[in-house]
There are 2 protein chains.
Amino acid sequence: MTAASDRAVERLRERILSGEYAPGERLGEVELADKLGVSRTPVREALRLLAAEGLVEITTNKGARVVEYPAHDLDHIFLIRARIEGLSARTAAIHASDADIDKLDEIATELAGYAAHGELDEVYRLNADYHSTLNGLSGSAVVLSTIGSLIHATVLLRTLHSFDEAAMRRSVSHHLEIVAALRARDPDWAEAVMHAHLLSARASLLGPRKHAVEETP
Amino acid sequence: MTAASDRAVERLRERILSGEYAPGERLGEVELADKLGVSRTPVREALRLLAAEGLVEITTNKGARVVEYPAHDLDHIFLIRARIEGLSARTAAIHASDADIDKLDEIATELAGYAAHGELDEVYRLNADYHSTLNGLSGSAVVLSTIGSLIHATVLLRTLHSFDEAAMRRSVSHHLEIVAALRARDPDWAEAVMHAHLLSARASLLGPRKHAVEETP
DNA sequence: CTCCGTTAGATTGCATACATCTAACCCATG
DNA sequence: CATGGGTTAGATGTATGCAATCTAACGGAG
């Protein structure tokens with residue numbers, strides 16, 4: 001996997017996550033190869049990789065489509081994220097350097113500014129940045145790759161629902177609180193806030209529907 | 001992906017998990033294609049898929065090798081498994097049918113029998129069966145695929161250490177206790193036991209080394 | 001004797017050609 | 001007019017050829 005295949009992965013992932021290729025849309029190999037200026041081989045490899053990431057779905061002899069997550073799965077995804085990212089926050093509270101925490105603080109603060117002005121695109125970008133940075137602080141590539149596909153799945157939600165104002169304020173507040181918990185070197189606090197943060201997002205994005213699993217924190 | 005590619009994936013995965021291809025061993029495309037009786041193309045796809053599953057590691061222009069997980073990553077893997085499979089146990093306690101629980105009970109009972117006679121191969125097989133069955137009860141394909149690669153990583157451990165007798169008894173006891181918690185329809189109990197079960201396995205398999213993250217259950 | 005540059009062999013990455021499968025269309029028939 | 005089957009066009013799966021890159025062995029200089 002090198003230039004051609006790698007670029008294909010990046011461009012396809014970008015277009016899917018940005019919504020340019022809508023959920024359910026068919027992704028023909030020849031068409032993509034044509035658009036990207038390469039042959040079918042690297043396109044095929046890119047599609048398989050994205051399938052492993054959970055962004056596309058491949059059916060034998062029938063080709064690839066952008067995934068459409070049922071609400072039931074998304075519910076589970078938020079529950080899993082709540083637990084794994086809670087673990088990341090715990091690990092970070094123990095092992096992150098002060099400089100790491102400063103960087104996270106910067107992102108959270110900048111995010112708060114954009115949120116106050118309603119610049120949603122920037123908010124989404126910084127939110128993804130915040131979470132991936134924090135997960136990176138866990139110091140384990142396994143954590144990062146495991147959580148990666150789950151985060152992608154939730155990003156695809158962007159085109160479906162949006163945060164209301166109250167949820168947005170909660171989210172901003174959580175981000176800042178986690179930074180505070182990290183500075184206090186308090187693993188339990190950090191984990192608990194991150195857990196609440198993602199359960200809050202779950203409620204806001206999926207709506208007040210009946211949840212698949214009831215939580216008792 | 002059809003016959004050729006699919007069979008290649010299955011056979012390679014089997015050989016890696018069984019230890020026939022040792023961690024760190026190089027997996028040349030032409031050699032595998034020759035052994036499997038297909039061309040390089042399906043072999044390449046199989047290797048990419050296994051890379052996504054976390055069983056092999058591919059470096060550009062340098063080929064594929066069986067992964068070698070550092071102890072640090074394995075530590076995180078058990079922590080993540082403890083949380084996700086704890087969630088599976090919780091979900092199962094709420095949604096599993098009585099027949100599902102019966103099936104799990106059968107597996108756990110049979111496993112206990114083999115453990116008493118020290119038939120380790122059967123124990124390993126039924127243990128994997130138990131966990132994948134329980135995770136399947138969560139009713140979410142996302143849970144199953146997310147946890148899949150993590151379980152593979154821990155299976156590779158088999159060649160490194162083994163359970164001592166006390167750890168084996170604990171493990172068997174946990175399996176049976178989880179079934180009891182499911183029958184009682186007690187999500188908190190089920191989740192707590194599964195959490196303990198995997199932290200116990202972590203301690204037994206990784207040894208009493210310094211953990212990357214301290215737990216405060 | 002050691003170290004480094006060169007070169008030959010082998011291996012991977014990409015492109016293309018062939019085989020097989022899916023699905024849509026058309027036409028014949030009840 | 002609806003339905004069923006056969007046919008055909010397009011797309012995916014597989015095999016193979018070619019170019020680029022890496023590995024390792026070899027020989028020469030210090």
Side-chain angles (χ1 to χ4, degrees), chain A residues 1-16 20-69 141 145 148-149 152, chain B residues 1-16 20-68 141 145 148-149:
Chain A
M1 190 136 38
T2 170
S5 180
D6 224 341
R7 277 179 47 108
V9 170
E10 283 181 26
R11 299 195 54 157
L12 286 178
R13 181 162 44 207
E14 181 189 339
R15 291 185 186 189
I16 292 172
E20 188 173 341
Y21 292 141
E25 184 169 342
R26 192 162 182 301
L27 299 174
E29 295 179 359
V30 291
E31 179 188 345
L32 293 177
D34 205 38
K35 276 188 181 174
L36 298 175
V38 294
S39 84
R40 273 178 57 213
T41 306
V43 171
R44 280 177 67 84
E45 292 202 356
L47 288 174
R48 309 291 158 148
L49 187 67
L50 293 173
E53 285 184 8
L55 282 178
V56 309
E57 199 171 20
I58 295 179
T59 312
T60 303
N61 286 329
K62 288 182 64 176
R65 327 179 75 79
V66 180
V67 293
E68 291 175 292
Y69 282 101
S145 73
S149 55
H152 284 159
Chain B
M1 193 136 36
T2 171
S5 179
D6 224 341
R7 277 177 44 109
V9 170
E10 284 181 27
R11 301 194 54 157
L12 285 178
R13 181 162 43 208
E14 181 190 339
R15 292 185 185 190
I16 292 172
E20 188 172 341
Y21 292 142
E25 184 169 342
R26 195 165 179 296
L27 300 174
E29 295 178 0
V30 292
E31 179 188 345
L32 294 177
D34 205 37
K35 276 189 182 172
L36 297 174
V38 294
S39 82
R40 275 178 56 212
T41 306
V43 171
R44 281 177 66 84
E45 292 205 354
L47 288 174
R48 309 292 157 146
L49 188 67
L50 293 173
E53 285 184 7
L55 282 179
V56 308
E57 199 171 20
I58 296 179
T59 312
T60 303
N61 286 330
K62 287 182 64 176
R65 323 176 80 69
V66 180
V67 292
E68 291 176 294
S145 71
S149 54

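Quick note on labels: first sequence line is chain A, next is B, and so on, each numbered from 1.
Contact between the side-chain N/O atoms of A/Arg26 and the OP1/OP2 oxygens of D/dT12 is found at a separation under 4.0 Å. For B/Arg48 and C/dG13, the shortest distance from a side-chain N or O to OP1 or OP2 is below 4.0 Å.
Rounded to an integer number of Å, the gap from B/Glu45 CD to D/dG13 C1' is 8 Å. When the C1' atom of C/dT12 is taken as reference, atom CG of A/Asp6 falls 15 Å away, rounded to whole Å. When rounded to the nearest whole Å, the span between CG of A/Leu36 and P of C/dC14 equals 13 Å. One atom, CG of A/Asp34, and another, P of D/dG10, lie 15 Å apart when rounded to the nearest Å. Atom CZ of B/Arg44 and atom P of D/dT16 are 16 Å apart (whole Å). Rounded to an integer number of Å, the gap from A/Leu27 CG to D/dA11 C1' is 14 Å. Residue B/Glu29 contributes atom CD, which lies 13 Å from atom C1' of D/dC22 at whole-angstrom precision. Per the geometry, CZ belonging to B/Arg65 stands 13 Å off C1' belonging to C/dT11, to the nearest Å.
Sorted by first and then second residue, the salt bridge (charged side-chain N to carboxylate O under 4.0 Å, His left out) pairs with a member in residues 52-66 of chain B read B/Arg13-B/Glu53; sequence neighbours excluded.
For the atom pair CZ of A/Arg15 and NZ of A/Lys35, the computed distance is 6.5 Å after rounding to the nearest 0.5 Å. The structure places CG of B/Leu12 at 7.0 Å from CG of B/Leu27, a figure rounded to the nearest 0.5 Å. With rounding to the nearest 0.5 angstrom, the CD atom of B/Glu10 is 10.5 Å from the CG atom of B/Leu50.
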- [ ] For each nucleotide in nucleotides 15-23 of chain C, reading 5' to 3', give B when a protein heavy atom comes within less than 4.0 Å of its base, S when such contact involves only the sugar-phosphate, and - otherwise.
- [x] BBB---SSS
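A/Glu29 is linked by a side-chain contact (heavy atoms from CB on, under 4.5 Å) to A/Arg40, A/Arg44, A/Leu47, A/Arg48, counting only residues two or more places apart in sequence or in another chain.
Annotation for B/Glu14: atom CD does not count as buried by contact number, only 12 or fewer foreign heavy atoms lying within 6.0 Å.
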